[in-house]
Amino acid sequence: MTLSVSHLISINDLSVSDIEHLIQKAQSYKEVNIPTSLEKKNIFSLFFEDSTRTRTSFELATNKLGGDFINWDVKNSSANKGESLQDTVNTLNAMRPDAIIIRHSEYGAPQFVSTIASCPVINAGDSWNEHPSQALLDAMTIIEHFGSIKDKKIAICGDIAHSRVANSNMILLSKLGAHIHIVAPPFLMPEKFPISDVTTFDNLEDGIAGCDVVMMLRNQKERMKSGLIESDEQFFNDFGLTKDRLQKAKDNAIVLHPGPMNRNVEIADEVADDLSVSYILKQVENGVFMRMAIMDSLINKE
Ligand code: NCD
């Protein structure tokens, strides 16, 4: 099967069979074998925002499939000399990349790049908008554990207002039939959501009650007006995921977090480090296989 899209910009563009195809492919790389299907392929990474784990994950995924990963050094690049994004992409495009992976602080930048690039463009996070590869690896992790997402109750908790991870997950998990709880204090609750069917809670214990999955998010202070969060201690007291609070979720519930974690702010050490509930490192592991599946599916389209 080939994907119905040429780029990975938004989860909105993917069909349920695209999502299932990517998850199955990622799982087969994990369990069966890894082909050298990116041999002689040049994957350019173009990260205008800081990232270590996502970029490294794409780099390792490229290496595992035998491709070459070229890091466009944005910090030392001519973007700092006033070059427009369009000129940067035209320059890069002239080098004939096989894919461009972009992270950008501007909403819609990957979409814009996909209109001028002559290769697949993969959104590795744009502003507060979307982070599709993260949502896909999260779905893979949930399915690996529960077998399916349909009818699972999934709580996405914390700084929803500034989170592209929350947006992509809301769209993806609802496409796969989950019931979504959005749990945030009023000052971190967005005014609108990318899907219509969410239930909102402003209290963590109520929001995670009876849930199969509890996904915690970092407070993205770099995107907030200053003073929105009084103190980390206060936030943890009111909203941090402790073992005690986690009791409210289902007995076999799992905890996810896209990282980077702020320990003892949104999540207690005792939860983050309890590998019987914390699937956070499995997300990291699965991320590599999911990114392999994404790149292979987009680049080696028949
Ligand atoms: C997230 C991101 O950058 O959007 N992290 C990630 O990619 N794993 C979330 C965050 O920065 O908090």
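In listed order, ligands and their atoms are each counted from 1. No hydrogens, no waters, no symmetry mates; every other heavy atom, side chains included, goes into these values. Quick caveat: nothing in here was measured; it's all calculated off a predicted structure.
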_Suppose we screen for ring pair (Phe, Tyr, Trp, His ring centres under 6.0 Å). Which residues come up paired with Trp72, at least two apart in sequence or across chains?_
none

*Sorted by chain and number, the residues that approach ligand 1 to under 4.0 Å with a heavy atom*: Arg53, Thr54, Arg103, His131, Gln134, Arg164, Val165, Arg218, Gln220, Pro258, Gly259, Pro260

*How long is the gap from CG on Leu60 to CZ on Arg55, to the nearest 0.5 Å?*
12.5 Å

*What residues, two or more places apart in sequence or in another chain, satisfy side chain to side chain contact (heavy atoms under 4.5 Å, CB included) together with Thr242?*
Phe236, Asp244, Arg245, Ala268, Glu270

*Ignoring hydrogens and angles, state whether a donor on the side chain of Arg164 or Ser127 is under 3.5 Å from an acceptor on the partner side chain.*
no

*With sequence neighbours excluded, tell me which residues meet ring pair (Phe, Tyr, Trp, His ring centres under 6.0 Å) with His21.*
none

*On the 0 to 90° scale, with breaks at 30° and 60°, tag the His104-Phe48 ring pair as parallel, tilted or perpendicular.*
tilted

